[in-house]
Amino acid sequence: MALNDWMLLLHPTIAIVTIFPLLGIVLYQALLTRKRRLSLKDGQKTPIPATSGPEHVRLGRILSLSVVAIALLGLAQPIFSKLLASDALSKTPMRFLGLTLVFIVTGAALPLLDRAKNRAFRGLFALLTGGGLLLLGSQPEIFHRDGQWYLSHYYLGITAALLMIFSLVILQEIYRDRTHRWRNVHIILNSFAVLLFIAQGLTGTRDLLEIPLTWQKPHIEALYKQSCQTKPCSVESQK
Ligand code: HEM
Ligand code: HEM
């Protein structure tokens with residue numbers, strides 16, 4: 001396999017090894033946190049430890065940071081591999097440097113968002129992180145699957161990453177709000193995020209099947225061109 005092929009495998013490997021196991025633990029702790037809170041509310045004793053809530057939040061924050069980081073890695077691979085293949089560094093250096101800067105600012109705003117205590121700063125860093133993801137995602141190097149957005153690894157992945165950013169933004173509000181409105185908003189949105197993560201496993205695996213290895217690419221392209229001469233090309237191709 002060529003270096004490019006190994007680079008392509010980096011994002012899925014990290015997602016499988018880190019995001020999905022972490023998600024399992026965060027979900028388990030979420031159920032314990034809720035069970036414990038409801039038991040105590042009903043005046044019942046519960047064997048669930050008081051650490052389940054703080055543990056859910058500690059790992060939830062790591063999950064949020066990891067999901068945004070993995071989305072950035074997923075965006076970086078196609079953008080930089082295509083830019084380097086088209087010699088963009090010498091042809092369009094300003095665009096190359098501009099995109100590199102957006103990656104750096106987005107990546108730097110992420111830990112700052114996690115650490116910010118002040119509401120205004122949280123808003124600002126969330127805007128920088130989310131805006132950066134959307135700006136990078138809108139680049140022509142990214143395959144969006146616009147005609148089938150509901151099965152698009154890009155649209156579902158960016159939505160999941162934005163929901164994780166939102167979880168970080170409202171973290172303090174969940175504790176402050178005595179009416180549990182933010183708690184319920186959190187549960188509804190993040191249950192939806194869990195479905196999106198499952199969809200990422202499915203659509204990511206499909207995308208890996210669709211992207212040929214470097215040595216296969218010229219043969220597949222030749223076959224594709226050949227078949228287009230005899231019948232209309234209806235198959236949507238990633239590369
Ligand atoms: C990814 C899927 C997630 C799901 C399904 C989920 C679900 C839940 C549930 C069911 C609760 C308990 C609510 C209750 O007491 O009734 C909870 C609490 C909480 N979650 Fe999550 N959550 C997720 C991720 C996250 C993340 C990523 C963060 C932080 C960035 C987070 C922060 C919190 C906080 C601050 C609480 C309150 C904890 C407490 O009361 O001690 N959650 N979540
Ligand atoms: C939480 C999990 C994940 C998130 C948030 C995520 C997000 C993303 C994003 C935003 C992109 C760039 C847009 C695109 O090309 O579609 C991407 C690319 C990609 N992802 Fe994921 N992804 C996740 C998990 C996975 C998994 C589990 C796999 C495979 C098993 C996978 C395979 C891919 C592939 C093959 C690409 C295309 C890279 C290219 O075009 O060169 N992803 N991902």
Side-chain angles (χ1 to χ4, degrees), residues 4-5 7-20 22-41 50-82 113-114 133-134 136-137 139 141-145 152-177 180 182-211 238-239:
N4 234 357
D5 302 324
M7 293 307 286
L8 174 63
L9 291 187
L10 205 62
H11 158 87
T13 307
I14 296 177
I16 290 163
V17 175
T18 61
I19 305 283
F20 292 104
L22 201 54
L23 178 64
I25 307 173
V26 169
L27 283 180
Y28 178 63
Q29 300 282 14
L31 291 178
L32 290 185
T33 308
R34 182 165 176 83
K35 246 177 149 180
R36 181 182 149 81
R37 190 178 61 79
L38 295 181
S39 295
L40 292 179
K41 196 178 135 208
T51 50
S52 56
E55 270 301 288
H56 168 73
V57 182
R58 192 175 70 83
L59 293 174
R61 283 167 60 193
I62 299 177
L63 178 71
S64 299
L65 298 181
S66 313
V67 169
V68 179
I70 204 77
L72 279 174
L73 186 63
L75 292 165
Q77 204 282 328
I79 290 181
F80 285 113
S81 68
K82 287 177 192 173
L113 162 65
D114 182 43
L133 277 180
L134 291 172
L136 293 167
Q139 299 307 306
E141 285 80 9
I142 300 296
F143 178 66
H144 295 111
R145 207 181 286 274
S152 157
H153 191 71
Y154 165 72
Y155 285 115
L156 302 182
I158 290 291
T159 309
L162 292 178
L163 285 177
M164 290 297 105
I165 293 174
F166 191 65
S167 283
L168 286 173
V169 174
I170 66 164
L171 204 152
Q172 314 277 353
E173 312 306 322
I174 297 179
Y175 288 115
R176 279 191 201 126
D177 178 15
H180 295 308
W182 282 110
R183 197 176 279 271
N184 292 334
V185 167
H186 170 72
I187 297 174
I188 294 167
L189 288 183
N190 280 20
S191 300
F192 179 57
V194 174
L195 298 179
L196 292 177
F197 287 131
I198 296 171
Q200 284 309 91
L202 184 121
T203 55
T205 313
R206 174 209 53 199
D207 286 359
L208 268 184
L209 281 174
E210 284 187 358
I211 302 172
Q238 262 219 53
K239 302 280 141 170

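Counting convention: from 1, in listed order, for ligands and their atoms alike.
The Leu8 neighbourhood of ligand 2 comprises atoms 38 (C), 39 (C), 41 (O), with distances under 4.0 Å to a heavy atom of that residue. Taking every heavy atom of Tyr154 and a limit of under 4.0 angstrom, the matching atoms of ligand 2 come to 13 (C), 16 (O). Of all the atoms in ligand 2, the ones that sit under 4.0 Å from a non-hydrogen atom of Phe20 are 27 (C). Distances below 4.0 Å separate heavy atoms of Gly74 from the following atoms of ligand 2: 11 (C), 12 (C), 17 (C), 18 (C). Using a 4.0 Å cut-off to heavy atoms of Leu75, the atoms of ligand 2 that qualify are 12 (C). Within ligand 2, counting atoms from 1 as listed, the ones closer than 4.0 Å to a heavy atom of Ala15 are 24 (C). Using a 4.0 Å cut-off to heavy atoms of Thr205, the atoms of ligand 2 that qualify are 29 (C), 30 (C). Listed by atom number, the atoms of ligand 2 under 4.0 Å from Pro78 heavy atoms are 39 (C), 40 (O), 41 (O).
The residue from Thr205, Leu195, Thr159, Leu156 that alone fulfils the side chain to side chain contact (heavy atoms under 4.5 Å, CB included) condition with Gln200 is Leu156. Remark: of the listed residues Val67, Asp114, Leu113, Leu113 is the sole one forming a side chain to side chain contact (heavy atoms under 4.5 Å, CB included) with Ile165.
Every N/O-N/O distance between Asp207 and ligand 2 stays at or above 3.5 Å.
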Where do Arg34 and Arg37 land on the side chain to side chain contact (heavy atoms under 4.5 Å, CB included) test, with the steps shown first?
CA-CA 5 Å; Arg34 182 165 176 83; Arg37 190 178 61 79; 3.4 Å; yes
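Side-chain contact between Arg61 and Leu171 is present, with at least one heavy-atom pair separated by less than 4.5 Å. Using a 4.5 Å cut-off on side-chain heavy atoms (C-beta onward), Phe197 and Leu27 make no contact.
Contacts between Ile19 and ligand 2, counted as non-hydrogen atom pairs separated by less than 4.0 Å, involve the side chain only.
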Within the protein, flag every N or O under 3.5 Å from an N or O of ligand 1, and note the pair and distance.
{"residue": "ligand 1", "atom": "15 (O)", "partner": "Arg37", "partner atom": "NE", "Å": "2.6"}
{"residue": "ligand 1", "atom": "15 (O)", "partner": "Arg183", "partner atom": "NH1", "Å": "2.7"}
{"residue": "ligand 1", "atom": "16 (O)", "partner": "Arg34", "partner atom": "NH1", "Å": "2.6"}
{"residue": "ligand 1", "atom": "16 (O)", "partner": "Arg37", "partner atom": "NE", "Å": "3.3"}
{"residue": "ligand 1", "atom": "16 (O)", "partner": "Arg37", "partner atom": "NH2", "Å": "2.7"}
{"residue": "ligand 1", "atom": "20 (N)", "partner": "His56", "partner atom": "NE2", "Å": "2.8"}
{"residue": "ligand 1", "atom": "20 (N)", "partner": "His186", "partner atom": "NE2", "Å": "2.8"}
{"residue": "ligand 1", "atom": "22 (N)", "partner": "His56", "partner atom": "NE2", "Å": "3.0"}
{"residue": "ligand 1", "atom": "22 (N)", "partner": "His186", "partner atom": "NE2", "Å": "2.8"}
{"residue": "ligand 1", "atom": "40 (O)", "partner": "Arg183", "partner atom": "NH1", "Å": "2.9"}
{"residue": "ligand 1", "atom": "40 (O)", "partner": "Arg183", "partner atom": "NH2", "Å": "3.0"}
{"residue": "ligand 1", "atom": "42 (N)", "partner": "His56", "partner atom": "NE2", "Å": "2.9"}
{"residue": "ligand 1", "atom": "42 (N)", "partner": "His186", "partner atom": "NE2", "Å": "2.8"}
{"residue": "ligand 1", "atom": "43 (N)", "partner": "His56", "partner atom": "NE2", "Å": "2.9"}
{"residue": "ligand 1", "atom": "43 (N)", "partner": "His186", "partner atom": "NE2", "Å": "2.8"}

